[in-house]
Amino acid sequence: MADSGQNPEYYGALGLSKGASDAEIKRAYRKLAMQWHPDKNADKKEEAEIKFQAIAEAYDVLSDKSKRAVYDQFGYEGLKDGVPDANGDRNGYEYQNNGNEIFESFFGTANPFADFGFGESTPFTSRLKKPGPKKMDAVVKDLPCTLEELYNGCVKKMMVTRKRFNADGSDLVDESKVLSVSVKPGWKKGTKITFPCEGDEGVDIVPADVVFVLTEVEHKCLSREGGNLVFTAKISLSDALTECAITVPTLDGRKLSLPCPEVVSPGYEKSIVGEGMPLKKGGNGDLIIRFKILFPNFLEEGKKKVLRETLAGTVTAETDVVVDETVAEEKKD
């Protein structure tokens, strides 16, 4: 492996956990070696060569039971320096930068891409005639999230089942895998999370990407408008005309008490700054309170008379509109 100043992390290079099986190691090498073979990456050959060698080195160690055992127990330094045997001899490991040999040994050929128009050995005219492996269409799935999950952030574990080659590459079998999605606070519906090449494998194809599209689960009390949250408070007509206090729930479990001493008219709103959804640029949006005034279905004549006397206004000659002087005065303030 090229000297990067850091010890190689073999499981990470193959995208595996430490308890990976032999079959998983072979599948990971098959996929990544094909993906990063320099002959397939002419536009970024230097980067591909580095990754190709790192993948080969990881497979060289993890596919060998004795090397893997030393690496698992003593780490890279122990593998490189060697562990003393019964005679006190150390047999340290040094990668020979022989990724092409490892590739040829695994696939049985130095250039499995020749039929697809890749590689130095294929004539130029032939490469023009033959298409490369076809990338399959993405597999798109919904990722339902509650407002609480989108407010606080969460990790969603999604199970997918796809066709994968067995250990020796001779047949395709169903394989289930759990994909972990780290949902960031403030993400919006429509956000797409892509897992490259996690779809079906097959002959002469590049596995499809698996794409999760975030959807919002409807909340019983709150709705979302961009970075803001909206709460609809239902109050009686008497509360709207006199005063009231409402309780507003939040997505982190708190309850806010909000006094409303003013007259609440249809369409009236109040805002609590910074109590909305987390914003990408930092901070939070606002929590908007909208009021739905509940009017009575019927009023007795005596109550109507009292209301008329209490809310009596003046009539303008020009428009014949009753102006409520009390409400108008409050709006000026």
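The two atoms that bring Ile288 and Ser271 nearest to each other are CG1-OG, 3.9 Å, heavy atoms only. Considering every non-hydrogen atom in both Ser176 and Thr161, the closest pair reads OG-OG1, 3.1 Å. Listed here is the closest heavy atom pair of Gly190 and Val213: CA-CG1, 4.0 Å.
In this structure, Glu225 pairs ionically with Arg290, as a charged nitrogen and a carboxylate oxygen lie closer than 4.0 Å. With respect to Lys134 and Asp204, no salt bridge is recorded, no charged nitrogen being found less than 4.0 Å from a carboxylate O. Salt bridge annotation for Lys80-Glu77: present, with a cationic side-chain nitrogen under 4.0 angstrom from a carboxylate oxygen. Salt bridge present: Glu262 and Lys270 bring a charged side-chain N and a carboxylate O closer than 4.0 Å. Between Asp174 and Arg162, none of the side-chain N atoms (NZ, or NE/NH1/NH2) sits under 4.0 Å from a carboxylate O, so this pair counts as no salt bridge. Salt-bridge annotation for Arg68 and Asp64: absent, with no side-chain N of the basic residue lying under 4.0 Å from a carboxylate O of the acidic one. With respect to the salt-bridge test (charged N to carboxylate O, under 4.0 angstrom), the residues Lys51 and Glu46 do not qualify. Salt bridge Glu201/Arg27: absent, no basic N to carboxylate O contact under 4.0 Å. A salt bridge links Asp22 with Lys65: at least one charged nitrogen is closer than 4.0 Å to a carboxylate oxygen.
In this structure, the side chains of Val248 and Lys255 stay at 4.5 Å or more apart for every pair of heavy atoms. You'll find the side chain of His219 reaches within 4.5 Å of the side chain of Glu148, heavy atoms only. At least one side-chain heavy atom of Tyr59 sits under 4.5 Å from a side-chain heavy atom of Lys26. Side-chain contact between Leu143 and Thr215 is absent, with no heavy-atom pair separated by less than 4.5 Å.
Atom CG of Asp39 and atom CZ of Phe103 lie 8.5 Å apart (nearest 0.5 Å). In this structure, CD on Glu275 lies 9.5 Å from CD1 on Ile289, to the nearest 0.5 angstrom. Summarising the geometry, atom SG belonging to Cys244 is positioned 10.5 Å from atom CG belonging to Leu241; distances are rounded to the nearest 0.5 Å. Atom-to-atom distance recorded for Glu216:CD and Thr191:OG1 is 9.0 Å, nearest 0.5 angstrom. Taken to the nearest 0.5 Å, the CG atom of Asp60 stands 7.0 Å off from the OH atom of Tyr95. Considering CD1 of Ile205 and CG of Asp200, their distance stands at 7.0 Å, rounded to 0.5 Å.
For the 3.5 Å distance criterion, the side chains of Thr247 and Ser257 fail to qualify, holding no donor opposite an acceptor. Under the 3.5 Å distance criterion, with hydrogens and angles disregarded, no donor-acceptor pair is assigned to the side chains of Lys292 and Thr232. For the residue pair Gln53 and Glu57, no side-chain donor N or O sits within less than 3.5 Å of a side-chain acceptor on the partner.
Side-chain atoms of Ser105 never come within 3.5 Å of backbone atoms of Glu101 as a donor-acceptor pair (strictly under, hydrogens ignored). Judged purely by atom type and a 3.5 angstrom limit, Asp239 has no side-chain atom pairing as donor or acceptor with the backbone of Ile235. Remark: side-chain polar atoms of Asp142 are not paired, donor with acceptor, to backbone N or O of Pro144 under 3.5 angstrom. Distance alone, capped at 3.5 Å, places no donor-acceptor pair between the Asp286 side chain and the Gly276 backbone. Within the 3.5 Å criterion, the main-chain N or O of Thr194 finds no donor-acceptor partner in the side chain of Asp209. No donor-acceptor distance shorter than 3.5 angstrom exists from the side chain of Asn41 to the backbone of Ala48, with no hydrogens or angles considered. Thr146 places a side-chain N or O within donor-acceptor distance of the main-chain N or O of Glu149, the cut-off being under 3.5 Å. At least one donor-acceptor pair under 3.5 Å links the side chain of Lys135 to the backbone N or O of Pro207.
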key: salt bridge (charged side-chain N to carboxylate O under 4.0 Å, His left out) between Lys163 and Glu175, worked out   = CA-CA 6 Å; Lys163 295 286 186 182; Glu175 178 189 88; over 6 Å; no
request  = Give the intermediate values and the outcome of ring-ring contact (aromatic ring centres under 6.0 Å, His included) for residues Tyr10 and Tyr71.
outcome  = CA-CA 9 Å; Tyr10 294 136; Tyr71 176 69; 4.8 Å; yes
message = Test side chain to side chain donor-acceptor pair (under 3.5 Å) on Asp72 and Tyr11; report intermediate values, then the result.
response = CA-CA 10 Å; Asp72 284 349; Tyr11 290 103; 2.7 Å; yes
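Counting non-hydrogen atoms of neighbouring residues, nucleotides and ligands closer than 6.0 angstrom, the CG atom of Asp252 exceeds 12 such neighbours. Around atom CG of Asn297, no more than 12 heavy atoms belonging to other residues, nucleotides or ligands sit under 6.0 Å away. Atom NZ of Lys188 has 12 or fewer neighbouring heavy atoms from other residues, nucleotides or ligands inside a 6.0 Å radius. Counting non-hydrogen atoms of other residues, nucleotides and ligands closer than 6.0 Å to CD of Glu218 gives a total of 12 or fewer.
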